[in-house]
Amino acid sequence: MEEDLIEARESIMKKLSVLSLAFLVIIMLAACGNDETKENENTEGDTSEQPAAQQELEFTDEEKLDEKDPVAVVNGEEISGSDYNPIYTQVKSTMYQYGQDVSNLDMIKDQTVSILVEQTLIKQDAENEGIKVTDEEVQEELVSIKETSGEDQFTTLLEQLQLSEDEFKEQLTGELVTRKYMDSEFEVEVTDKEVQEYYDQLKEQNGEIGKLEEVEGQIKDVLTNEKQSEQLRTRIDELKENAEVENVL
């Protein structure tokens, strides 16, 4: 049941064009864990030949920007190569993880710039509303992620994605700001009927998943995230309409 709810959360969040590097690393850590479990299940008691591993993802020097290269200007705030590079790496890696074509580098570049612009708009509006996160909150979340995923797996993934822990923490800060922003700005109500309908749908798809009272809290979290995400998408569109954005890449 826990895996089903994780997949539901991932499905909801992937609908957002505002992709958080921190959140996507968490998704990939979960995916890696699930892949290892499935691989172990497939190999136990099976001596047949296993399929060849997927070719390793590569990044060329041409795909990266100089850290000081300008990428875009959002309401007077410049986005530079130091912001662009880790997001580009994460976008391409996530597409690869989900089996999408990563040969169109211009498309990945455009998606990266779009993400950076939208993240900046959220951050600016959150600052205007006085929404901040402390260093202690970021560190607490980082420790929780490491404990959940396993520190070795976390470190290995960051190495594969060519990310430092400081770069991850910077994006994690943005993720926490977005969470606070959504909770502060978007009041949503999840009804008992909606919870029951979602529970019935899960039960139909997956069979026995436990009693409703055992998973009700998790289902409410999923539905709340979905409704807040829809409102966030609308708010981003509004911010874009009133923003001064210059793409210089």
Side-chain angles (χ1 to χ4, degrees), residues 9-29 31 57 59 63-127 131 133 157-158 160-164 166-182 185 225-226 228-249:
R9 289 192 182 97
E10 291 175 8
S11 176
I12 290 166
M13 295 304 289
K14 282 188 291 181
K15 294 177 183 177
L16 296 175
S17 60
V18 181
L19 301 176
S20 161
L21 172 60
F23 188 83
L24 289 174
V25 168
I26 296 169
I27 288 176
M28 293 182 73
L29 284 167
L57 179 64
F59 294 90
E63 291 178 78
K64 292 187 176 181
L65 302 180
D66 185 271
E67 290 191 354
K68 295 183 180 180
D69 282 348
V71 174
V73 181
V74 182
N75 294 325
E77 180 177 346
E78 184 176 276
I79 299 171
S80 66
S82 60
D83 305 306
Y84 173 93
N85 289 331
I87 298 295
Y88 178 94
T89 302
Q90 185 60 38
V91 170
K92 185 175 179 180
S93 298
T94 303
M95 291 176 61
Y96 179 81
Q97 178 76 21
Y98 285 93
Q100 298 183 38
D101 180 18
V102 293
S103 62
N104 188 340
L105 300 185
D106 286 338
M107 182 270 290
I108 299 174
K109 179 183 70 175
D110 291 343
Q111 180 66 16
T112 300
V113 174
S114 177
I115 289 167
L116 285 164
V117 168
E118 295 187 355
Q119 285 183 340
T120 302
L121 288 171
I122 292 175
K123 183 191 70 173
Q124 290 175 346
D125 201 43
E127 288 175 351
I131 299 171
V133 297
L157 182 59
L158 291 191
Q160 292 173 347
L161 298 176
Q162 305 174 32
L163 299 172
S164 69
D166 285 341
E167 287 174 327
F168 178 77
K169 287 179 69 174
E170 181 178 350
Q171 290 298 319
L172 183 57
T173 301
E175 163 67 15
L176 295 178
V177 168
T178 299
R179 291 183 196 173
K180 281 192 174 184
Y181 180 79
M182 292 171 69
E185 295 294 302
N225 281 335
E226 183 177 37
Q228 287 181 329
S229 296
E230 291 171 354
Q231 294 189 36
L232 179 61
R233 180 69 266 163
T234 300
R235 176 65 59 83
I236 290 170
D237 290 341
E238 293 172 353
L239 292 173
K240 278 185 173 180
E241 288 180 2
N242 299 309
E244 295 182 3
V245 179
E246 179 186 2
N247 291 342
V248 293
L249 183 61

key: S114 and E118: CA distance, side-chain angles, deciding distance, side-chain contact (heavy atoms from CB on, under 4.5 Å) verdict   = CA-CA 6 Å; S114 177; E118 295 187 355; 3.9 Å; yes
Side chain to side chain, K68 and S80, heavy atoms closer than 4.5 Å = no
For the student: nearest non-hydrogen atoms of N247 and A72, plus distance = OD1-CB, 3.8 Å
ask   = Are L121 and V74 side-chain neighbours, meaning at least one heavy-atom pair lies under 4.5 Å?
value = yes
query = Roughly how far, to the nearest 0.5 Å, is the CD1 atom of I131 from the CZ atom of R179?
reply = 14.5 Å
ask   = Charged N to carboxylate O below 4.0 Å: is that the case for K92 and E63?
value = yes
query = Going by distance alone, is a donor N or O of one side chain under 3.5 Å from an acceptor N or O of the other, for T234 and E230?
reply = no
ask   = If every non-hydrogen atom of V71 is compared with every non-hydrogen atom of G81, which pair is closest and at what distance?
value = CG2-N, 3.9 Å
request  = Calculate, to the nearest 0.5 Å, the distance between atoms CG and CG belonging to L239 and N75 respectively.
outcome  = 9.0 Å
ask   = Quick one: CG on N225 to CE on M182, what's the gap to the nearest 0.5 Å?
value = 6.0 Å
ask   = If we ignore angles and hydrogens, is there a donor and acceptor under 3.5 Å between the side chains of D101 and S103?
value = yes
inquiry  = For a side-chain contact (heavy atoms from CB on, under 4.5 Å) check, start with the C-alpha distance between L249 and L65, then their side-chain angles and the critical distance, and finish with the verdict.
reply    = CA-CA 10 Å; L249 183 61; L65 302 180; 3.7 Å; yes
inquiry  = Check whether F59 forms a cation-pi arrangement with K64 (NZ or CZ under 6.0 Å from the six-membered ring centre, at most 45° off the ring normal).
reply    = no
ask   = Between M107 and M95, does a side-chain contact (heavy atoms from CB on, under 4.5 Å) hold up when you go through it step by step?
value = CA-CA 11 Å; M107 182 270 290; M95 291 176 61; 3.4 Å; yes
ask   = How long is the gap from CG on D110 to CG on N104, to the nearest 0.5 Å?
value = 8.5 Å
ask   = Does any non-hydrogen side-chain atom of E175 lie less than 4.5 Å from one of V177?
value = no
From CG (D83) to CD (E77), nearest 0.5 Å = 8.5 Å
Side-chain heavy atoms of L105 within contact of K109, under 4.5 Å = no
ask   = Could you walk me through whether Q171 and Q119 pass the side-chain contact (heavy atoms from CB on, under 4.5 Å) check?
value = CA-CA 10 Å; Q171 290 298 319; Q119 285 183 340; 3.9 Å; yes
remark   = Heavy-atom closest pair (L163 atom, P86 atom, distance to 0.1 Å) is CD2-CB, 3.6 Å
key: Whether D125 side chain and I122 backbone form a donor-acceptor pair below 3.5 Å   = no
ask   = side-chain hydrogen bond (donor to acceptor under 3.5 Å, both in side chains) with Y181: which of R235, E127, K123?
value = R235
task = For N85 and E67, test the side chains for any donor-to-acceptor distance below 3.5 angstrom and give the result as yes or no.
result = no
key: Rounded distance [0.5 Å steps], NZ in K169 versus CG in L176   = 11.5 Å
task = Kindly give the heavy-atom pair with the smallest separation between I108 and V91, and that separation in Å.
result = CG2-CG1, 4.0 Å
task = Answer yes or no: is there a side-chain heavy-atom contact under 4.5 Å between T178 and L232?
result = yes
query = Are any non-hydrogen side-chain atoms of T89 and Y84 less than 4.5 angstrom apart?
reply = no
